[in-house]
Amino acid sequence: TTARGFDAPGALLLASGLAALAYGATVLNADASGFLGIGVRSVAAFVVAAVLLSAFGVVEKNSPAPIVDPGLIASMQMRTIGVLGLATGLVEASMVFLPTLAVSALNVVPSRASFMLVPLVLALIAGSVVAGRVLDRTGVRPVIQVGMALTVTGLLVFSLAPLGRFSFYLAGILVGLGLSSLLGAPLRYAALEEGGESGRGASQGLLTVCLSVGRLFGASVTGGIAAGAAGAVSGYRRSMLVIALAGMLALVASRRLRR
């Protein structure tokens with residue numbers, strides 16, 4: 001058998017494109033007065049990333065040994081999984097700010113605020129077990145849709161409901177249950193199924209990239225909106241609303257998933 005070559009141009013374009021995207025997310029400033037309200041550096045980095053990643057797609061189509069199968073990139077199922085991965089990463093990163101929200105809104109000491117995430121974590125653990133079992137009975141799409149719906153509901157409670165200890169814990173439990181159906185088996189199961197025997201590693205890699213990009217933007221968007229708001233509480237709640245809207249779009253996109 002002939003040894004499979006290494007697609008060096010494709011690897012360079014992919015790494016450079018992701019690096020530009022990561023840089024743009026890192027310097028993102030939601031309160032900037034520059035171009036598009038997010039800062040000139042971010043816009044320039046995103047343009048560069050778009051050009052490099054588009055070039056990567058073209059190179060992969062013509063490469064005898066592509067890093068990622070062009071058919072996998074063009075797959076509607078894989079693209080939908082990617083959108084869900086981005087939304088999941090956004091939510092996951094925003095949860096890091098919950099202790100700060102608890103300190104500002106509920107007047108708890110920082111050391112106690114971290115323990116207020118325990119219900120969320122317990123719900124995430126318990127939900128992962130249940131989601132894995134239900135997955136074999138119902139298929140991927142219903143589990144992911146219920147998970148995203150629960151996550152969006154929790155974010156809406158954080159952002160719109162009167163914020164007290166009860167609503168804080170309730171929202172955390174809803175988000176934890178929702179994330180358990182997204183971070184656990186269902187999304188990875190769908191990616192493995194779409195990749196097939198020859199593309200399992202590539203499909204998992206693409207999902208991991210989407211989750212990581214979502215985390216980058218989640219941290220930047222949440223921190224940027226909170227920093228630009230008149231008050232810390234209103235800023236964090238507004239950022240939760242923005243991420244909830246992104247989750248709603250992902251929920252609509254999930255209709256394209258196969259069962």
Side-chain angles (χ1 to χ4, degrees), residues 77 80-99 101-102 113-161 163-194 203-204 207-208 210-215 218-219 222 236-237 239-259:
Q77 177 85 344
T80 303
I81 293 168
V83 168
L84 290 164
L86 287 170
T88 301
L90 282 171
V91 177
E92 189 181 3
S94 69
M95 295 298 100
V96 175
F97 296 88
L98 286 182
L101 175 61
S114 298
F115 286 101
M116 294 183 72
L117 295 185
V118 170
L120 186 155
V121 174
L122 292 177
L124 181 59
I125 295 171
S128 297
V129 176
V130 175
R133 293 189 176 184
V134 174
L135 180 63
D136 292 328
R137 298 180 181 179
T138 64
V140 171
R141 190 172 68 188
V143 176
I144 290 177
Q145 287 180 327
V146 169
M148 187 59 74
L150 287 172
T151 301
V152 169
T153 303
L155 290 170
L156 290 176
V157 173
F158 274 128
S159 58
L160 299 177
L163 197 57
R165 291 176 186 265
F166 175 78
S167 60
F168 188 93
Y169 286 132
L170 174 63
I173 291 171
L174 290 171
V175 171
L177 289 173
L179 286 177
S180 69
S181 298
L182 300 168
L183 288 172
L187 273 180
R188 299 193 180 281
Y189 181 91
L192 283 171
E193 188 177 56
E194 184 63 17
S203 64
Q204 289 295 294
L207 175 57
T208 300
C210 291
L211 285 166
S212 299
V213 170
R215 292 179 189 122
T222 304
Y236 285 122
R237 299 190 77 185
S239 67
M240 297 290 179
L241 180 59
V242 170
I243 294 175
L245 294 175
M248 291 178 189
L249 294 176
L251 181 58
V252 173
S254 69
R255 296 174 60 187
R256 296 176 178 268
L257 286 173
R258 295 193 298 271
R259 284 185 176 272

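The residues of the chain are indexed from 1 along the displayed sequence. As a basis for the values below, the full set of heavy atoms in this structure was taken, side chains included, without hydrogen atoms, waters or symmetry mates.
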In the structure I gave you, are the side-chain heavy atoms of [X] and [Y] within less than 4.5 Å of one another anywhere?
X	Y	answer
V83	T80	no
L257	L84	yes
S203	L207	no
R215	V96	no

[X] [atom1] to [Y] [atom2] distance, which is reported to the nearest 0.5 Å:
X	Y	atom1	atom2	value
E92	L182	CD	CG	10.0 Å
M240	L160	CE	CG	12.0 Å
L187	I144	CG	CD1	4.5 Å
I81	R188	CD1	CZ	11.5 Å

Who pairs with Y189 by ring pair (Phe, Tyr, Trp, His ring centres under 6.0 Å), at least two apart in sequence or on another chain?
none
Nearest atoms (heavy-atom pairs only) where [X] meets [Y]:
X	Y	result
V143	P186	CG1-CG, 3.6 Å
A113	A102	CB-CB, 4.1 Å
L192	Q204	CG-NE2, 3.4 Å

Can I get a per-line list of side-chain donor-acceptor pairs under 3.5 Å for residues 146-159, giving both atom names and the distance, sequence neighbours left out?
residue	atom	partner	partner atom	Å
T151	OG1	G147	O	2.8
T153	OG1	A149	O	2.8
S159	OG	L155	O	2.9
S159	OG	L156	O	3.2

List for me each residue that meets side chain to side chain contact (heavy atoms under 4.5 Å, CB included) alongside Q145, sequence neighbours excluded, and say none if there are none.
R141, L251, S254, R255
Name all residues meeting the side chain to side chain contact (heavy atoms under 4.5 Å, CB included) criterion together with T222; count only those two or more places apart in sequence or in a different chain, and write none if there are none.
S94, F97, Y236, S239, I243
Is there a side-chain contact (heavy atoms from CB on, under 4.5 Å) between V175 and L98 once you walk through the steps?
CA-CA 12 Å; V175 171; L98 286 182; over 6 Å; no
Partners passing side-chain hydrogen bond (donor to acceptor under 3.5 Å, both in side chains) against Q77 (at least two apart in sequence or in another chain)
none
Could you tabulate the donor-acceptor pairs under 3.5 Å formed by side-chain atoms of residues 116-139, not counting sequence neighbours?
residue	atom	partner	partner atom	Å
S128	OG	L124	O	2.7
T138	OG1	V134	O	3.2

